[in-house]
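For clarity, every value in this text was computed on a predicted model and none was experimentally measured.
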There are 2 protein chains.
Amino acid sequence: MKVSRQDHYTDTIRGGVLRDTPQRRHVYDLLRDEHSHPTATEVFLRAKKGMPSISLATVYNTLETLVACGLVKQVHVDREPTRFCPNLEEHGHFVCEHCSRVFDIDLAAERSQQWSLPAGFTITHHEISLRGICADCAKSEIQNPKSEIR
Amino acid sequence: MKVSRQDHYTDTIRGGVLRDTPQRRHVYDLLRDEHSHPTATEVFLRAKKGMPSISLATVYNTLETLVACGLVKQVHVDREPTRFCPNLEEHGHFVCEHCSRVFDIDLAAERSQQWSLPAGFTITHHEISLRGICADCAKSEIQNPKSEIR
DNA sequence: GATTGATCAAGAATAATTCTAAATCGAGAA
DNA sequence: TTCTCGATTTAGAATTATTCTTGATCAATC
């Protein structure tokens, strides 16, 4: 529902000193509508369709702002380009080594704090990333197998 | 014990087509002796002490080779420079946001496969990285608090 | 000793991201 | 409305980790 999305964006953006600019709204809406975990460059390319004048620097700035606001999350896969994710729920990511798609993985809430840390350590953030083969690719592998995965 | 270390290195390196070169042995020994998860550049700087002629390119090549052999693992922390780790046990990493040190975190074996994946997905690899404040920094924070963590 | 393929070294190239500096914009003050 | 000032945007330069290229070197085998 569009209303609550706009509200969350508006509340968060307007709550601070930040301005609700066309660029920010455009990038945010774009991210909310896609669940493909785009990179900054991909966001830039998609953003240009509806706003041809937007610059890559603005996309980087905007994404940084949205992350700082907590409106989107960064996803890191090895040292590949950072991806951005509008899913604010507790979750990890699965990257298919064959098609490179990134999938959200639900993390059972009860497991999230069960790390056996040494005494005195405090967690502020965690990132779980899994690699492997997704169901689609596993299926097509069976039909036309190729050994050169990766 | 030095013997088993050398054996593991030797077995692995000699098992394939790979040569046991002074550079490779030097870098490997260096990594085994430190548990500080150095970056390629840090490995390079340390390696130069015992082998002044070694080049950064060789360090990169060597690390890549050792990773491919399974003798060391890569550690990724966001998009920071890749770090290298001689701990082959199943483990994750904790990065202190204050001192930037990286700590190995034991992952209870029974937990390692408990991800609730969609049907048909296969995991080949996973990386768990936690962020927070380590015990040392938590202690010194109490003594002279600074709000500008990060 | 010659050959051959692996390895090494130096520096160029790449690519994601950040920085810089100037132009523009927008909200509130006058 | 017009002014002002700080936030934002933009283009392009700069940074930085890493990879690539190319020629030199080395070590095992012929």
For A:I54 and D:dT8, give me the distance from atom CD1 to atom P, rounded to whole Å. 14 Å

Near-strand residues of residues 37-53 of chain B, defined as heavy-atom separation under 4.0 angstrom from DNA chain C: B:S53

OP1 or OP2 of C:dC8 versus the side-chain N and O atoms of B:T21: is any pair under 4.0 Å? yes

Without decimals, in angstroms, what is the distance between A:N61 CG and D:dA11 P? 12 Å

Minimum heavy-atom separation for A:A135 and B:A119, please, with both atom names. CB-O, 3.4 Å

Between P of C:dG26 and CG of A:D20, the distance in whole Å: 11 Å

Of the nucleotides D:dT9, C:dA16, C:dA9, which one has an atom closest to the side chain of A:P81? C:dA16

Could you check whether any side-chain N or O of B:Q23 sits under 3.5 Å from a backbone N or O of B:T58, counting only pairs where one atom can act as donor and the other as acceptor? no

Rounded to the Å, how far apart are A:R83 CZ and C:dA16 P? 11 Å

Nearest whole Å is fine: how far is D:dT8 P from A:L63 CG? 15 Å

To the nearest Å, how far apart are A:Q23 CD and C:dA23 P? 18 Å

Nearest to the side chain of B:Y60, which nucleotide is it out of D:dT19, C:dC8, C:dC19? D:dT19

Please check the phosphate of D:dT9 (OP1 and OP2 only) for any side-chain N or O of A:T58 closer than 4.0 Å. no

Would A:L56 and A:L66 show up in the same hydrophobic cluster when neighbours are defined by side-chain heavy atoms closer than 4.5 Å? yes

Donor-acceptor pair, distance only, cut-off 3.5 Å: does the side chain of B:D78 make one with the backbone of B:E80? no

Closest approach to the side chain of A:T82, judged atom by atom: which nucleotide of C:dA9, C:dT17, D:dT9 is it? C:dT17

Quick one: list whatever passes ring-ring contact (aromatic ring centres under 6.0 Å, His included) with B:H35, sequence neighbours left out. none

Starting at the 5' end of DNA chain C, which residue's closest nucleotide do you reach first, B:R79 or B:P22? B:P22

Which nucleotide in C:dA9, C:dC8, D:dT8 has an atom nearest any side-chain atom of A:R19: D:dT8

CA sep, side-chain torsions, deciding dist, call: A:H37, A:H93, ring-ring contact (aromatic ring centres under 6.0 Å, His included): CA-CA 10 Å; A:H37 304 83; A:H93 294 97; 5.0 Å; yes

To the nearest angstrom, how far is B:Q74 atom CD from D:dT18 atom C1'? 11 Å

Whole-Å distance, A:E80 CD to C:dT17 P, equals 11 Å

Of the nucleotides D:dT8, D:dT10, C:dT17, which has the atom closest to the A:R24 side chain? D:dT8

As a test of reading the structure: which of D:dT10, C:dT17, D:dC26 is closest to the side chain of A:L56, going by heavy atoms? C:dT17

Main-chain N/O of A:E97 paired with A:R131 side-chain donor or acceptor, under 3.5 Å: no

